[in-house]
Amino acid sequence: MTTHQHSRHLHAHDAHGDGDHESIHDHGHRHHGGHNGHGHEDMLEVEQAFQRIIGHFDPLDTVELPVLECLGLTLAEDINSPLDLPPLANSAMDGYAVLHTDIAHANGAPPTLSVISAVAAGQVSDQTVTAGNAIRIMTGAPVPAGADTVVPFEETDEMDRRRNGQPLNEIEIRKALPLGSNVRPAGEDVHSGELVLPTGTVVRPAEAGVMASLGLSKARVIRRPVVAVLSTGDELTTAGDPLTPGHIYDSNSSSVAAAVIAAGGVPRIIGIARDNLDDLHRCIDTAADADLLVTSAGVSKGDYDMVKDVLEQRGDMNFWSVRMRPAKPLAFGLLHRNGRSPLPLLGLPGNPVSALLAFEMFGRPAVRRMLGRDLLARPMVEGVLTGPIYNSDGRRVYARVEVERRDGAWFATPTGPQGSNILTSLSRANGLAICPSDLTRKEAGQAVKIIMLDWNEEVEL
Ligand code: AMP
Ligand code: MG
């Protein structure tokens, strides 16, 4: 059983939309340079934006890595076993390796066998067990030639002999066990040549162990995507630097980079681009060798910033409004690169919650697709709201909630102010409860769909 096998199907974010009843019209248009600045913007459903973005990502190229570094990555080769596992028939118990014919009647007439030698794990006995004889054997030791059954110590008179100071050169067998008892046959787990881990398997601790058990120290996997992270705005200051009036600290670089790591990517924080053409161009240039560039801010309608102009100069950009709250404004496009395939750019909104939520919805799936994952979306549960969620303007609301399980059901409690700048209420949440766009509110006590961001391990409930 592999994670891959669980997840052959793409669970796109359309699952999240269940409960929205307005029709979805996706005519498949791509809006190259679609920013027209005249107030007309397309309002896209979350699923439409998702589909227009995810189609631009494919699994990346492959690398050979030490097994431990493969954790969380997708195998890019079939792993066939070079050996039988276990390599030799071995004992499942500490006991005596015997011939089954010698012990077949032990229940009525316990036989006494001569103990001709002992074999421990790591040794191979050079002796053969013949009629009337036994070899003392430890768990994991290869079963000696001739023997076909192992009788555990508990089913012999070994303890009595020890107590009475009698030698262990012979042993009484007190129980007739079935033929083959406590013998693990060679190849019981894996046969030589067998396909053990197919291409596409996600490496978890068990797979790391399976590979090591086959003697493999390296594997070929799909490499991690490098995601350049760029914040934009004249008002931003890097954490650690002194804050001057009118400025705020840049939280998006840290939150988005952390989300990149959590998704399995490698972030490259470019820093802060100021709202002027030269600085934006300079910063974007440094992302030239990334697999994805994620910017934040400067993409909303009527924005003072230069970001839109610069991006449009450098490629085919789309500036969308997505029918979701938070995170309505969104940009996606392909920037030209010299001598290379274009660089995908995901432009997140500036507000800290919006930025992280837009990355969650559109950036994380892209990272996972590049990692070769089939399962792109988070798990969802259906729960009961303990407080209301409001919907003021016909967008799908993703409300920050604390999710806990009580009496066999999931309960979702809104974590406080839901403004797109209130990052602490996202910090207190482990799920996003959905209010469909066609409802004005969800009341306490109503059923609600919840995207699980994590499963409570890190959230105090
Ligand atoms: P903008 O899209 O540039 O209008 O930004 C929207 C809001 O997000 C403004 O209040 C910005 O100050 C804020 N913002 C933009 N970038 C960041 C950032 N990197 N960290 C924290 N807040 C930001
Ligand atoms: Mg700005």
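In each ligand, atom 1 is the first atom listed, and ligand 1 is the first ligand listed. Along the sequence shown, the residues carry numbers beginning at 1.
Under a 4.0 Å criterion applied to the non-hydrogen atoms of Ser231, ligand 1 contributes the atoms 19 (N). In summary, the atoms of ligand 1 found under 4.0 Å from a heavy atom of Tyr249, numbered by their order in the structure, are 20 (N), 21 (C).
Between Glu45 and Arg323 a salt bridge is recorded (basic side-chain N to carboxylate O distance below 4.0 Å).
Remark: side-chain polar atoms of Asn182 are not paired, donor with acceptor, to backbone N or O of Ser91 under 3.5 angstrom.
With a 4.0 Å cut-off on non-hydrogen atoms, Leu236 touches ligand 1 through its side chain and not its backbone. Under 4.0 angstrom from ligand 1, the non-hydrogen atoms of Ile248 all belong to its side chain.
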side-chain hydrogen bond (donor to acceptor under 3.5 Å, both in side chains) between Ser192 and Asp84: does it pass, once the steps are laid out? CA-CA 5 Å; Ser192 177; Asp84 280 341; 5.0 Å; no
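The shortest heavy-atom distance from Ser251 to ligand 1 is under 4.0 Å.
Counting only residues at least two apart or on different chains, the side-chain hydrogen bond (donor to acceptor under 3.5 Å, both in side chains) pairs with a member in residues 284-295 are Arg223-Asp291, Arg268-Asp289, Asp285-Arg314.
Under the salt bridge (Lys or Arg N to Asp or Glu O under 4.0 Å) criterion, Glu443 pairs with Arg441, sequence neighbours left out.
Nearest residue to atom 8 (O) of ligand 1 from Gly350, Ser253, Ser354, Gly298 is Gly350 (criterion: closest heavy atom).
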